[in-house]
Amino acid sequence: MPYDPARHGPHRIVGPGFHGKVQALVKQVPAGRVTTYGDVAEALGSRNVARQVGFAMAAIDDDGVPWWRVVAAGGRLAARSVRAQVRALRAEGVVVKARRVQEFASRRFTFGSSRP
DNA sequence: CGGCTGACGACCT
DNA sequence: GAGGTCGCCAGCC
């Protein structure tokens with residue numbers, strides 16, 4: 001079924017400084033936990049910008065942003081450098097197997113769904 | 001202002 | 001499971 005505004009809800013534009021907002025959220029993810037592009041997108045007010053979240057990751061220039069803690073839906077790894085991401089995650093105790101975060105549900109970190 | 005480009009996600013074959 | 005399609009959109013030419 002194609003995209004359905006009625007089912008997916010309104011498309012709120014995030015606004016300017018998108019990358020900065022994304023990176024600020026990613027910094028909130030504690031070590032040993034992971035979040036998804038979709039979760040970050042939803043935390044920003046629009047579940048339709050998951051892709052943009054990925055682009056924001058690619059544009060990171062701040063070493064303080066734990067980009068490796070952001071995975072794709074279902075706990076799959078989709079970063080450009082999966083190798084580096086796996087290494088970084090394992091260093092935090094996250095078990096990764098076949099490009100999948102094991103026990104993803106309990107490892108998953110979600111942002112407060114409260115937003116104006 | 002217009003056209004590309006994509007670290008997504010859901011769905012379909 | 002492995003591919004392909006389509007629907008989002010910010011940032012950068």
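Proteins get letters first, then strands, A, B, ... in listed order; numbering begins at 1 in each. Hydrogens, waters and symmetry mates are skipped; everything else that's a heavy atom, side chains included, is used. Just so it is clear, the structure is predicted and the values come from calculations on it, not from any experiment.
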### Message
With a 3.5 Å cut-off and heavy atoms only, can you find an N or O donor on one side and an acceptor on the other between the side chain of A:Gln52 and the base of C:dG11?
### Response
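Counting by modelled atom types and ignoring angles, no donor-acceptor contact under 3.5 Å is found here.
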
### Query
Could one point to a donor on the side chain of A:Arg47 or the base of B:dG9 with an acceptor on the other under 3.5 Å away?
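When only heavy-atom distances are counted, A:Arg47 does not reach the base of B:dG9 through any donor-acceptor pair under 3.5 Å.
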
### Query
How long is the span from the CG atom in A:Leu77 to the CG atom in A:Leu89, to the nearest 0.5 Å?
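Atom-to-atom, A:Leu77:CG and A:Leu89:CG are 6.5 Å apart.
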
### Message
Counting the atoms with a prime plus P, OP1 and OP2 as sugar-phosphate, which does A:Ala73 contact under 4.0 Å by heavy atoms, base, sugar-phosphate, or nothing?
### Response
sugar-phosphate

### Message
Categorize A:Ala58 for me: base, sugar-phosphate, or nothing, with a 4.0 angstrom heavy-atom threshold over every strand shown.
### Response
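A:Ala58: base contact, heavy atoms under 4.0 Å.
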
### Query
Side chains of A:Gln85 and A:Trp67: is there a donor and an acceptor less than 3.5 Å apart?
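Not at all, the side chains of A:Gln85 and A:Trp67 share no donor-acceptor pair under 3.5 Å.
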
[X] side chain, from C-beta outward: closest of [options]:
X	options	answer
A:Arg51	C:dC9, B:dG6, C:dG11	B:dG6
A:Tyr37	B:dG9, C:dG11, B:dG6	B:dG9
A:Phe55	B:dC8, B:dA7, B:dG6	B:dG6

### Message
A:Val49 vs A:Tyr37, test: side chain to side chain contact (heavy atoms under 4.5 Å, CB included). Steps then yes/no.
### Response
CA-CA 8 Å; A:Val49 295; A:Tyr37 300 96; over 6 Å; no

### Backbone N/O of A:Val82 and side chain of A:Arg87: donor-acceptor pair under 3.5 Å
no

### Query
Has A:Phe18 got its ring stacked on C:dA10, by the test of a centre gap below 5.5 Å and a plane angle below 30°?
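So no, this residue does not stack on that base, at least one cut-off failing.
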
